[in-house]
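Right, one structure below, let's go through it.
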Amino acid sequence: MTAGDERTAIRVGGESGYDVVVGRGVLAELGDALGGSVKKVLVVHPATLGARAAALREALSDRFEVLLAEVPDAEAGKRVEVAAFCWQVLGQADFTRSDAIVGFGGGAITDLAGFVAATWLRGVRVVQVPTTVLGMVDAAVGGKTGINTNEGKNLVGVFHPPAAVLCDLDLLDTLPKNEILAGFAEIVKAGFIRYPEILDIVEADPEVATDPATPEFRRVVELAIQMKADVVSEDLTEQGLREILNYGHTLGHAVEHAERYQWRHGAAVAVGMMFAAELGRLSGRLSDEVADRHRRVLDLLSLPTSYPAGRWNTLLATMQRDKKSRAGQLRFIVLDDLAKPTVMLAPDQSLLFAAYQEIGS
Ligand SMILES: NC(=O)c1ccc[n+]([C@@H]2O[C@H](COP(=O)([O-])OP(=O)(O)OC[C@H]3O[C@@H](n4cnc5c(N)ncnc54)[C@H](O)[C@@H]3O)[C@@H](O)[C@H]2O)c1
Ligand SMILES: O=C(O)C(=O)C[C@@H](O)[C@H](O)[C@H](O)COP(=O)(O)O
Ligand SMILES: [Zn+2]
């Protein structure tokens, strides 16, 4: 790993291995990443990135026939109607199995584009070009694709690894600060479950850590990607180890659903990690010191650490529908210590409620 400006390639192993490339200007590698046998390319993007998507089409046009699909922003794009719109575009353009899709946007877009690629003709090539911090460190890596339903978050999806992930840090120049901070929730997650060095860097100076121009930013981004790459290399389809990536997500997804997706995913995960830390503390697994560190680090990043106390019943009902719940039993990732995540199966209702009271506002 590097802290400088050069290109880094982080390998994801498994049956169909691929590189996650990080650096400035790496978008120029897209043509090669798509590959020589591809003829047509569909770039899925939100309106915010319309001008950049048009420039991308121009840059690729000497090698490929490039189509653009502008889709609704953020969670509004992760709907079956939007996937159907993309399928229609692919059908009308006679896309074959040797053509490819590019997800060009934040995590919502890469989830949608990956899902469309996984389902079109039972699976075509996808190259992910994440344009948010969250997309780079988490969503675009690992092949988990999906859309939401009225009942909950990511309830429909397929594991479909990308052919490559290009994280061009130049794309972050236009990303608003609150989006950078939301992405840091997943980076902090990587800090708690695998690389405490991330927490040290954020605590040392959160301004420096969250500034895409600094080596500290590059370091935490690469550590988070490395963590995810290692985990999904070992367990693509979440038979075991991969579950740790859900730290903070059981409650986090329920918060997103309760807020009708008006909260950033990262903000909801921040609250979810606070809840998981309290579950760990109250069950006697986690020290006060590590539990308290959650609040300190998330506060430094201006991420939320509490949620209105009266919403428990709604959140509980949504958590029961989460895909981590099995045979009616809730599952949470909790910590025994820093970098020691484990599964807590079917915790007592009174423990859950007590943990929720601790984060209630
Ligand atoms: N598949 C996975 O493993 C995985 C992992 C983590 C999160 N996710 C999913 O990712 C989604 C959240 O991703 P997100 O936080 O990137 O949100 P997002 O995709 O909604 O993007 C956030 C906002 O940033 C804007 N934007 C994107 N790139 C920009 C740029 N370069 N400049 C200016 N604006 C830009 C978008 O238009 C959008 O309004 C959630 O749906 C979550 O479930 C998936
Ligand atoms: O890649 C994973 O696995 C994760 O759990 C990463 C999470 O950050 C991400 O939000 C993921 O989409 C959640 O997965 P889900 O299966 O709980 O929907
Ligand atoms: Zn997440």
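Since the structure is predicted, the reported quantities are computational estimates derived from the model, not experimental observations. When a ligand or atom number is given, it counts from 1 through the structure's own listing order.
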Please classify the [X] to ligand 1 contact at 4.0 Å (heavy-atom distances, strictly less than): side chain, backbone, both or neither.
| X | result |
| --- | --- |
| K144 | both |
| L134 | side chain |
| D73 | side chain |
| D111 | side chain |
| H253 | neither |
| M136 | neither |

Is it the case that ligand 1 has an N or O less than 3.5 angstrom from some N or O of [X]?
| X | value |
| --- | --- |
| T145 | no |
| T131 | yes |
| G107 | yes |
| L171 | yes |

- Query: Taking the six-membered ring for Trp, are W263 and Y307 parallel (under 30°), tilted (30 to 60°) or perpendicular (over 60°)?
  - Reply: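 The rings of W263 and Y307 stand perpendicular, inter-plane angle above 60°.
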For [X] and [Y], does a side-chain donor sit closer than 3.5 Å to a side-chain acceptor?
| X | Y | value |
| --- | --- | --- |
| T149 | E151 | yes |
| T210 | K177 | yes |
| N154 | K144 | no |
| S98 | R125 | no |

Between [X] and [Y], is there a side-chain N and carboxylate O pair less than 4.0 Å apart?
| X | Y | answer |
| --- | --- | --- |
| R63 | D32 | yes |
| E259 | R311 | yes |
| D200 | R293 | yes |

- Task: List nothing but the number: protein N/O/S atoms under 2.8 Å from the Zn ion (ligand 3).
- Result: 3
Numbering the atoms of ligand 1 from 1, which are under 4.0 Å from a heavy atom of [X]?
| X | value |
| --- | --- |
| A74 | 20 (O) |
| T174 | 30 (C), 31 (N), 32 (N), 33 (C) |
| K153 | 40 (C), 41 (O), 42 (C), 43 (O) |
| R52 | 31 (N) |
| E179 | 22 (C), 23 (C), 24 (O) |

Value rounded to 0.5 Å, distance of [atom1] in [X] from [atom2] in [Y]:
| X | Y | atom1 | atom2 | result |
| --- | --- | --- | --- | --- |
| L169 | T131 | CG | OG1 | 12.0 Å |
| T305 | M273 | OG1 | CE | 11.0 Å |
| S37 | R97 | OG | CZ | 14.0 Å |

Enumerate donor-acceptor pairs with a distance under 3.5 Å from any side-chain N or O in residues 249-256 to protein atoms, sequence neighbours excluded.
residue, atom, partner, partner atom, Å
H249, ND1, Y247, O, 3.0
H249, NE2, E186, OE2, 3.3
H249, NE2, H265, NE2, 3.2
T250, OG1, R331, O, 3.4
H253, ND1, D322, OD2, 3.4
E256, OE1, K153, NZ, 2.9
E256, OE2, H265, ND1, 2.7

- Task: Taking all heavy atoms of P304 and all of A270, pick out the closest pair and write down the distance.
- Result: O-CB, 3.4 Å
- A209 versus E216, closest heavy-atom pair with distance: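 The answer is CA-CB, 4.3 Å.
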- Enumerate the protein residues lying less than 4.0 Å from ligand 2, judged by heavy-atom distances, in chain and residue-number order.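 For ligand 2, the contacting residues are D138, K144, N154, E186, K189, K228, R242, L245, N246, H249, H253, H265, K323, K324.
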Could you pull out all donor-acceptor pairs under 3.5 Å where a side-chain atom in residues 274-284 meets a protein atom, sequence neighbours excluded?
residue, atom, partner, partner atom, Å
E278, OE1, R281, NE, 3.0
E278, OE2, R281, NH2, 3.3
R281, NH1, D288, OD1, 3.1
R281, NH1, D292, OD1, 3.4
R281, NH2, D292, OD1, 2.8
S283, OG, L279, O, 2.8
S283, OG, G280, O, 3.1

